[in-house]
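Notes for the one structure printed next.
Throughout, a chain's letter reflects where its sequence line sits, starting with A, and its residues are numbered from 1.
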2 protein chains.
Amino acid sequence: MRGDKSTDADGGTAGSGAAGSAGGPAPVTLREVAREAGVSYATASRALNGSDRTVREENAARVREAAARLGYLPYLPAQAVARGFSSTAALVVADMDDPYFASIAVGVVDAAEEAGLIVTMAVADRTPELEVQLVHKLRGHRPQVIIVAGSRIEGPQDALVAELEAYRSAGGRVALISQEGLPFPTVPIDNYGGARALARTLVDLGRDGFGIVHSGDRIHTSRDRRQGFTDGLREAGLEPVLIEEAFSRDGGRRAGRSLHPEVRTVFAVNDVMAIGVSSGLREAGRVPGAEVAVAGFDDVEEARYATPALTTVRVPLREIGRLALRIALDPGGDTAGAGVRGSAGGGGRDSVRDGAWVSPKGAARVPPEGAAGAVVRVPPEVVVRDSTPGRSACGGSASG
Amino acid sequence: MRGDKSTDADGGTAGSGAAGSAGGPAPVTLREVAREAGVSYATASRALNGSDRTVREENAARVREAAARLGYLPYLPAQAVARGFSSTAALVVADMDDPYFASIAVGVVDAAEEAGLIVTMAVADRTPELEVQLVHKLRGHRPQVIIVAGSRIEGPQDALVAELEAYRSAGGRVALISQEGLPFPTVPIDNYGGARALARTLVDLGRDGFGIVHSGDRIHTSRDRRQGFTDGLREAGLEPVLIEEAFSRDGGRRAGRSLHPEVRTVFAVNDVMAIGVSSGLREAGRVPGAEVAVAGFDDVEEARYATPALTTVRVPLREIGRLALRIALDPGGDTAGAGVRGSAGGGGRDSVRDGAWVSPKGAARVPPEGAAGAVVRVPPEVVVRDSTPGRSACGGSASG
DNA sequence: CTGTTAGCGCCTTCAG
DNA sequence: CTGAAGGCGCTAACAG
């Protein structure tokens, strides 16, 4: 919440005070404020919103005072019409009930707030078609930026790209989260590298009998994580058993319920599924953590309180959300790496893959507006917890 | 997504096609569409948005066709200015990272989508002052409705009420979630009744040695649940031990870590805290579920996968979110009870309190307006799970 | 049915 | 530094 350039007049508190008549008092308009303050309409405008403030302090004060007294509230839609752009940021997420997206949303909303924007949000329900329709609809509000955080699914993305391209060519800024390969600034998540590092860490800890619960290669996130983990394993000469299930808690649960007896270490492609796996294992009478270790990916808060606590790869979701808004607002800015502290933990080297991604198509058509394929890497970090060998799922080790 | 009254022109896919020049082609305006279609500006408007469609089908078709071809997109802010009200719904939640609010948000967004509104959202971070500021800020967009879902905290609510009152007196509609006592339509949650029923259920199951982990009476939700549970216990002649901690996972964890040894059944005021309690118990070397049963409130998805699965009180969060939007849009409508199935569980009587509160003033230029204090009860439902007596925290009972 | 013409609330040159 | 006037894109009477 930066204080400068504030457009607020009445300190954030209601001020319709007087309002004697009861019949839907038309909201106070800037014109009234001007009259009340004894200055011109234009002056009032300048005093309250000042693109380049050039108004005698005395008058400015009078205007502010009048505005406060009348409870004036700038009519944002009107401002948008006059200025040509609104003060909103649009966000499309795949599923708000998933803590992964919820955290990203928090980050976006937070950063937007700081930038003086309010966010309009839509939930695409993990359906590509709906997603396109939503950005289209959102576009009507002429947001200053559009951020799309969906689980990218295999298939033609032409519609989405076209929609976004159209938006950008009209002056809008877009940012994507974890869906590289599209000609827009993206906050990537190193799914491959993180998963690979995780695999190596587990191998180093002496685990074996690996299994991967994933959701098929059509879902990019799943594919990359599966791939990374597999490669990490292969470097140690190991080969995992693959189990495919839905990208959800329940999918994980089903997988856990019928997990092959020889799998003693299972990596679920995300924390939510991993938690489901643990649950499923228990339903099958097995003990997750001791008998079979389970690891996930994301380090969602929930995972830290699960039993056994998940070994996972930390992904700074909130920061990623913030970052998305920032790179959208200021592509090519000094945003790179900003706000993402945290060591590389166990992730270590090769955390950074090919950073540079070059815009393939269309980008030529659309000039400046900042680089189109900006990529800011967020380093993954392996977090080892309870599910490692010697620990039991039940009795905690603490104090005892 | 209802199809009628659609304002969309180009089937949801981008259409900036032609656009030869590359320098930020000004978005297509309605005027251009009109010219392109060979009709007047007004006719084009009517054809595409038609409040009361009265345009020869032939022309209408031409307009639609032209709109599609040019990739016309109605400029919502302009529409808002012209119409006097925008097509947005504002939502203020206390903490998006909490699954409780995330689910509510999903419901709101969903219902908004159905009503043709897009939601603008803000996170109040559980801070009353911020909450007021946010609704104030949001008000600037002239949303058609404002929904506030915060954890009500003891203290003067004058600022919030004033802000909301001002909004409403200007024709806006507001709906609150789980914070009765304020002069606005509210979707209540029977915290007291649900907790009391839960207590009785646990007593009936033979549990004893009760403890309540709550967050102090300043937080209404905590207070009501604690109160209800306590009363339920007293009916059986029992008295609980009280532990006060922060309203979060971590607060619960701390409570669990130092839980009095004699407490063998603990009720945490919400699922998230309950999960924390389980976690804390383990850290202290105790086994939640077997040695000490833990119950929560909300029936958040996460709770169903926790270990041990939580005995809890189901609250249809999503439905509640939907309902909030509906009663805001149509107070006094037939919304009562709609969409909320599920038995009354044990909540029982006193579920319905004083409903009527009469609307003072009238709407400005915005559509009708109904009752202002509508209250729709959502019946709580006790869900008994693993944490009951005989079960172990580890080995599942299933199959094996 | 259709076109013309005012605004909606605000910002912004453009003169004073 | 200030006021007057035009315009943003769209809707809504009001004539034809």
Identify, with sequence neighbours excluded, every residue that meets side chain to side chain contact (heavy atoms under 4.5 Å, CB included) alongside [X].
X: A:Ala82; answer: none
X: A:Val81; answer: B:Pro77, B:Ala78, B:Val81
X: B:Thr29; answer: B:Arg31, B:Glu32
X: B:Ala66; answer: B:Val33, B:Glu36, B:Ala37, B:Arg69

[X] has an atom [atom1]; how far is it from atom [atom2] of [N], in whole Å?
X: B:His141; N: C:dC8; atom1: NE2; atom2: P; value: 22 Å
X: B:Arg142; N: C:dC8; atom1: CZ; atom2: C1'; value: 11 Å
X: B:Leu48; N: D:dC10; atom1: CG; atom2: P; value: 9 Å
X: B:Leu70; N: D:dG9; atom1: CG; atom2: C1'; value: 15 Å
X: A:Leu76; N: C:dG9; atom1: CG; atom2: P; value: 14 Å

(message) The criterion is salt bridge (Lys or Arg N to Asp or Glu O under 4.0 Å); which residues satisfy it with A:Arg322, sequence neighbours excluded?
(response) A:Asp110, A:Glu114
(request) Under the salt bridge (Lys or Arg N to Asp or Glu O under 4.0 Å) rule, collect the residues that match up with A:Arg35, sequence neighbours excluded. (result) none
Taking only side-chain nitrogens and oxygens of [X], does any of them come within less than 4.0 Å of OP1 or OP2 of [N]?
X: B:Asn49; N: D:dT11; result: yes
X: A:Ser45; N: C:dC10; result: no
X: A:Tyr75; N: D:dC8; result: no
X: A:Arg83; N: C:dC10; result: no
X: B:Gln79; N: D:dT11; result: yes

(request) Kindly state which residues belonging to residues 29-41 of chain B come within less than 4.0 angstrom of DNA chain D, counting heavy atoms of the residue only, listed by number. (result) B:Thr29, B:Leu30, B:Tyr41
(request) Only counting residues at least two apart or in another chain, list the ones meeting side-chain hydrogen bond (donor to acceptor under 3.5 Å, both in side chains) with B:Thr127. (result) none
(message) On DNA chain D, compare the nucleotides closest to A:Val81 and A:Thr43; which residue's is nearer the 5' end?
(response) A:Thr43
(request) Ignoring hydrogens and angles, answer whether the base of C:dG3 and the side-chain atoms of B:Arg46 contain a donor-acceptor pair closer than 3.5 Å. (result) yes
(request) Before accepting this row, confirm whether a basic side-chain N of the pair A:Arg64/A:Glu57 lies closer than 4.0 Å to the acidic partner's carboxylate O. (result) yes
(request) For the residue pair B:Leu73 and A:His136, establish whether any side-chain heavy-atom pair is separated by less than 4.5 Å. (result) yes
Nucleotide nearest [X] when distance is taken to its side chain, options [options]:
X: B:Arg56; options: D:dT11, C:dC8, C:dT2; answer: C:dT2
X: B:Ala78; options: D:dC1, C:dT2, D:dG9; answer: D:dG9
X: B:Ala42; options: D:dC10, D:dA12, C:dC11; answer: D:dA12

(request) Have a look at the helix from C:dC1-D:dG16 to C:dG16-D:dC1 and give the angle its two end axes make, five pairs each, rounded to 10 degrees. (result) 40°
